[in-house]
Amino acid sequence: MAHSRVLTSLIAFSLLLLLMLSGFATAEADYNDKHVPAFTHGHEKRANYGSGAPYWMSQIKRQGKVAYGANSSYILWRNVRDYGAKGDGITDDTDAINNATADGFRCGLGCDSSTTTPAIIYFPPGTYMVSAPLIMYYYTQFIGDANDLPTLKAFANFQGIGVLDSDKYLPFGFSWYTNQNNFYRQVRNLVIDITSLPKGRGACIHWQVAQATSLQNIVMNMVQGTPGDGNAQQGIFMDNGSGGWMEDLIFNGGGIGFFSGNQQFTSRNLTFNGCETAIYQNWDWIWNYKSLTINNCNIGLDMTQGGSVITTGSIVVQDGVFNNVNTGILTTFSSNSTPVAGGTLVVDNVDFTGTKNAIAYPNGTVIQPGGSVVSSFLQGRVYTAYEAQQQFGNLTCWEPTANSARIQQSVSPPPKSQSLLTASGTIYERSKPQYEGMPVASFISILDYGCKGDGVSDDTACVQAYFDSIATNQIAYIDHGAYVVTKTVQVPKNIRMVGEIWPLFMIQDIGLWSDKSNPKPAFRVGNPGDVGTVEMQDIVFETRGPAPGAIMVEWNLAGSTPGAAAMWDVHWRIGGTNGTLLQSDRCSKTPTVAHTANTACIGAFLLLHVTHSGSVYMANNWGWVADHELDLTDHNQIDIYNGRGVLIESQGPVWLYGTSFEHSMLYNYQIANAKEIYMGIIQSETAYMQDDPNALTPFPPNAAYSDPTFSNCFIATCYKTYGLRIFNSTYIFNYGAGLYSFFNNYDQGCLLTESCQENMVAVVESEGIYLYALTTKASTNQVTVDDVAIVPEAANVNGFGQTLAVFEYP
Ligand SMILES: *[C@@H]1O[C@H](CO)[C@@H](O)[C@H](O)[C@H]1NC(C)=O
Ligand SMILES: *[C@@H]1O[C@H](CO)[C@@H](O)[C@H](O)[C@H]1NC(C)=O
Ligand SMILES: *[C@@H]1O[C@H](CO)[C@@H](O)[C@H](O)[C@H]1NC(C)=O
Ligand SMILES: *[C@@H]1O[C@H](CO)[C@@H](O)[C@H](O)[C@H]1NC(C)=O
Ligand SMILES: *[C@@H]1O[C@H](CO)[C@@H](O)[C@H](O)[C@H]1NC(C)=O
Ligand SMILES: *[C@@H]1O[C@H](CO)[C@@H](O)[C@H](O)[C@H]1NC(C)=O
Ligand SMILES: *[C@@H]1O[C@H](CO)[C@@H](O)[C@H](O)[C@H]1NC(C)=O
Ligand SMILES: *[C@@H]1O[C@H](CO)[C@@H](O)[C@H](O)[C@H]1NC(C)=O
């Protein structure tokens, strides 16, 4: 989450109460039409689904329960047919579906957040007609039959912001949920059709979300137009947020396929067919568009918003193909555009063979012609670091330094490691499996096995025996609940695991995890040297109380093939929610007094450790040390002291797509003694309470884990969470980073001088480092090499943070 999230939400909350009292609450903000440029006609690609097999998800026994909620009869699984939806293509199903979603006093208007009323809204095959938005409450998953995608179809008289609405708008710029606080949502396996609407209006999805959210396998059908016809339909309308992840989406027709605005986001495998503009970037800090396919569109990506005062912070376009497109990317970045780093663009291995102009200005002037593959093109500030002889008095020594420039041109591509690539040279990627073809009998329920999941009982022995009982042709089904473990659980080297709307594995210290100088793993995936297949999805790891000696997940396993060792939508959440015993009643912030770390509010030693022998594929993972309360009604800011975020010591390959680690003390991301690592967007925030106490409290640096020692520090703001530290490593490829520092002991005064901390990215004893589209916020030095500051933020000002098109240290 971003700065002042809580403050904004409190103000919003009071206003909402006022609105409720005055009866204004149901007003709907107007959908904002955007002008659309000329259009190239294209043909519609139709999805070919319908294997006929029943989808296991529709048949599995539903017995998951909320462990730490107040309503023992709460219903978590809702089939829309059970609430009266017909899906017959005639009946208006809006109310029935909205009733299915709202049932049980869930977290709606005036709530802002809650983890105790989750719901899965399931759509069997059929065509569900709707006349108004389907409101998605907080912690909701909308899931369709993966074998026969249901269609949500808007009547011609449909009114509202989108067929699906993830954040209902209110008057005066307010909404149900603070946009950057809108966590834990999914939409999967749907066709959304607005072709009955007049072409002047309509959107399929209003998606205004933050971390731990995803869209997957959705086809959006819009009216196909003719050039200049005023088609204003949109597939996704996204004003803002702090996300997030989406994959495998198809946009057919429309004026703008994707109206896009968010702080940071990773998307992969988006296909646009016959949209006038495929993507209109309203604003962002950093976005990675991985594997775009754009067919028969006039414009592929329009990033001209703001004109010469550019509102797009930075964009990576990687491994895409543009077919029959007039202008691939439209930009206004030029020698005199502002801010100096605004509109940073990284194009990496994109096929513009079928494109007239790959990159051009709105006036038609071509920057990069089409007709070929662009292996690497950069616009923005670039730094190349190297070692040079320096004279200090009568001493000569080798010191890191860098050349820098502001460029807009093709450059040589980096030497990407083969282990990270497919045969065709793209970065390897893999959709989250949905096990469509598996019969329901293959899914073995952890509750049927006998584990309690009640949030209190010690399930250690049961969870271990259960994991060991799962055959390789079976899938471990973790019913919703909270499974408390008190000893290390060994995850076998071949197991597939699916959670029911993020069940909790709770790590409770009754002795094993007390010693912060002698950490022990909690969930240990494989033994060192093991090779196998572990697939995990939709699971949350938490601690129940402090566990200062716990390594929450230790990943030793190497995948038997690329992507065979993987985690999708698996998250860490330390404190801030019911059951964690690390909530605002005992861990509220105390910035007005100098203090040390409250021992009752310590989290874990480390959230994820990918060890020397491990390799892993990760997509959409959020390691959140809670900065505020989600369940207790004060939603207050809290101080939780967690040692470290993710430590990667792998020899490769590792793929991190759309990950975020926030608010640990020593670092959020560390890559040590490692090689051959790919990272799509990474995002982090420095712990808000620092420097009261600073990064060294309560976890002293531990050499066995290559911790930073901060021995290079002389000023207080130097002792702060590293966003990213790379130590003794090579061939590290990062395509998009947003590493932010918003506070000094909760005071935002440091933002006035953009100096909340001194250093954000440290490269130590490493080489072969390629960091593209790197944005830091309020860190005086963006990058240090061997403790020498060589990238001052002042030279790289962007609209929000400070941005480099690339930092490389070959
Ligand atoms: C959180 O847990 C407490 C104690 O079990 C319960 O009283 C409270 O209602 C829960 N809060 C929510 C939002 O469910
Ligand atoms: C508890 O949940 C059930 C089913 O979801 C709902 O009908 C009921 O109103 C809820 N009760 C309370 C007190 O929230
Ligand atoms: C939705 O719920 C309301 C209130 O319980 C009820 O009056 C209405 O009939 C329901 N609509 C449908 C279509 O079931
Ligand atoms: C989110 O977008 C809406 C609509 O454009 C705007 O009114 C609001 O100020 C934005 N909020 C933030 C925090 O950027
Ligand atoms: C891309 O998404 C489509 C569905 O939208 C899917 O059929 C295809 O397999 C996906 N490709 C990759 C590489 O994930
Ligand atoms: C088009 O716009 C660019 C950027 O503003 C400018 O450099 C160029 O001279 C313009 N070309 C023409 C023909 O006006
Ligand atoms: C280098 O300079 C220092 C004083 O600045 C002096 O004490 C020292 O002897 C000099 N060393 C050499 C090798 O000239
Ligand atoms: C650097 O990493 C390599 C490879 O993992 C390892 O063998 C070596 O011991 C490490 N060096 C240090 C100083 O940690």
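No hydrogens, no waters, no symmetry mates; every other heavy atom, side chains included, goes into these values. One-based numbering, in listed order, for ligands and for the atoms of each. Starting from 1, each residue takes its place in the sequence as its number.
For an aromatic pair to be called close, the ring centres must be under 6.0 Å apart, and Y137 with Y177 fails this. Ring pair Y184/W622: centre-to-centre distance below 6.0 Å. Taking the centre of each ring, F183 and W624 come in below the 6.0 Å mark. Remark: aromatic rings of F733 and Y678 are distant, center separation not under 6.0 Å.
Listed as neighbours of ligand 1 are Y68, G69, A70, T116, N578, each bearing a heavy atom under 4.0 Å from the ligand.
Cation-pi geometry between R544 and F541 is not satisfied (NZ or CZ under 6.0 Å from the ring centre, within 45° of the ring normal). Relative to the six-membered ring of Y74, R106 misses at least one condition, a distance below 6.0 Å or an angle of at most 45° to the axis.
By the salt bridge (charged side-chain N to carboxylate O under 4.0 Å, His left out) test, E542 is found to be paired with R573, residues two or more places apart in sequence or in another chain being considered.
Contacts between H612 and ligand 8 below 4.0 angstrom, taking non-hydrogen atoms only, involve the side chain exclusively.
Not a single N or O atom of S334, backbone or side chain, sits closer than 3.5 Å to an N or O atom of ligand 6. Among the atoms of N728, some N or O lies under 3.5 angstrom from an N or O of ligand 8. For a threshold of 3.5 Å applied to N or O pairs, the pair formed by T365 and ligand 6 contains at least one separation below that value.
Taking every heavy atom of N363 and a limit of under 4.0 angstrom, the matching atoms of ligand 6 come to 1 (C), 2 (O), 3 (C), 8 (C), 10 (C), 11 (N), 12 (C), 14 (O).
At a threshold of 4.0 Å, the pair R644-D707 counts as salt-bridged, since one of the basic side-chain nitrogens sits closer than that to a carboxylate oxygen.
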